[in-house]
2 protein chains.
Amino acid sequence: MLSGKNRAKTAELCHALADETRLDILDQLKEGERCVCELTDALQTGQSRLSFHLKVLKDAGLILDRPEGRWIYYAINSEAVAELEALVGSLKATRKTVRPSSRC
Amino acid sequence: MLSGKNRAKTAELCHALADETRLDILDQLKEGERCVCELTDALQTGQSRLSFHLKVLKDAGLILDRPEGRWIYYAINSEAVAELEALVGSLKATRKTVRPSSRC
DNA sequence: TTAATCAATCAAGTATTATTGATGCCGTGG
DNA sequence: CCACGGCATCAATAATACTTGATTGATTAA
């Protein structure tokens with residue numbers, strides 16, 4: 001039914017995906033974990049900017065971070081992706097028939 | 001691989017879902033098509049505001065409109081939902097193994 | 001311990017989105 | 001033809017989101 005917490009969670013997850021830079025990041029992470037400096041290199045962009053987008057993705061739960069030495073490795077959280085996939089799927093219409101009553 | 005047009009399309013679709021009001025609208029439409037006045041009633045909000053959000057959903061292709069007399073009925077475009085579902089699914093990590101090389 | 005590197009955070013500026021009330025268009029009923 | 005109802009659109013404002021450059025904390029190498 002997508003009510004209450006689900007609605008807010010869906011909105012947050014979708015917001016995190018509603019940006020091409022963040023989709024680029026996820027595309028990179030699909031092949032395995034990466035540290036920020038690798039991403040700045042791959043995506044040709046500034047460290048600060050990337051850090052901002054990584055935070056959005058992390059806050060939404062779509063990526064996980066693993067500090068190692070002075071690097072921080074990011075990786076996709078496949079569970080969250082699957083969760084979102086399910087939430088999106090639940091938006092499909094339950095009936096195709098034209099509704100009988102009208103109020104206007 | 002989520003590149004080029006797909007990336008932009010995914011961002012647009014996700015942006016359209018990144019708002020609780022729009023999720024509420026879709027939730028209503030799941031049960032069948034509705035005209036704007038029914039939605040303003042169900043969602044307890046202003047007509048102008050609703051019209052704005054309906055436009056965002058329509059521009060993204062997530063809903064379809066059907067004029068009938070002086071009403072306009074909106075309905076979920078299940079194809080677009082399925083398309084997005086697939087795009088989201090394609091974000092899942094392809095390998096779980098730790099990547100061997102590092103550049104930093 | 002000092003210098004250097006990686007990455008988060010902050011502050012300031014810009015850009016994009018959302019809300020609100022007003023206006024206009026179009027189809028319908030009188 | 002006229003008035004009304006349903007809805008889109010516009011203009012102005014408010015709220016969010018994004019970008020950029022500078023700073024800071026933490027970690028490692030010298």
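Every chain is numbered from 1, with letters handed out A, B, ... down the list of sequences. Quick note: numbers below take in every heavy atom, side chains included, and nothing from hydrogens, waters or symmetry partners.
One atom, CD of A/E12, and another, C1' of D/dT16, lie 15 Å apart when rounded to the nearest Å. Distance B/F52 CZ to D/dA12 P: 17 Å, rounded to the nearest Å. In this structure, B/H15 atom NE2 and D/dA17 atom P are separated by 10 Å, rounded to whole Å. The distance between atom CG of A/L43 and atom C1' of C/dA7, rounded to the nearest whole Å, is 16 Å. Atom pair B/L57:CG and C/dT17:C1' shows a separation of 14 Å (rounding to whole Å applied). Separating the NZ atom of A/K58 from the P atom of C/dA8 is a distance of 8 Å, rounded to the nearest angstrom. A/E20 has its CD atom 12 Å from the P atom of D/dC18, to the nearest Å. Note: CZ (A/R49) to P (D/dG21) measures 12 Å, nearest angstrom.
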Quick tally for nucleotides 22-30 of chain C: nucleotides whose base has a protein heavy atom under 4.0 Å get B, sugar-phosphate-only ones S, the rest -, giving B----BS--
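Under the 3.5 Å distance criterion, with hydrogens and angles disregarded, a donor-acceptor pair is assigned to the side chains of A/T21 and A/R49.
A salt bridge does not link B/E83 to B/K9: none of the charged nitrogens lies less than 4.0 Å from a carboxylate oxygen.
Around the CD atom of A/E20, the shell of radius 6.0 Å holds more than 12 heavy atoms that belong to other residues, nucleotides or ligands.
Within the 4.5 Å cutoff, the side chain of A/L84 has heavy atoms near those of the A/L17 side chain.
OP1 or OP2 of C/dA8 sits under 4.0 Å from a side-chain N or O of A/Y74. When the side-chain nitrogen and oxygen atoms of B/H53 are compared with OP1 and OP2 of C/dT19, one or more of them lie within a distance under 4.0 Å.
Remark: B/R70 pairs with no residue by the side chain to side chain donor-acceptor pair (under 3.5 Å) rule, at least two apart or across chains.
Under a 3.5 Å cut-off, the side chain of A/R22 and the backbone N or O of B/A11 do not form any donor-acceptor pair. Of the possible donor and acceptor atoms, none in the side chain of A/T40 sits under 3.5 Å from a partner among the backbone N and O of A/G46.
The 5' end of DNA chain D is approached more closely, in terms of each residue's nearest nucleotide, by B/L54 than by the other of B/L54 and A/T21.
In the set C/dA7, D/dC18, D/dC7, C/dA7 carries the atom at the smallest distance from any side-chain atom of A/W71.
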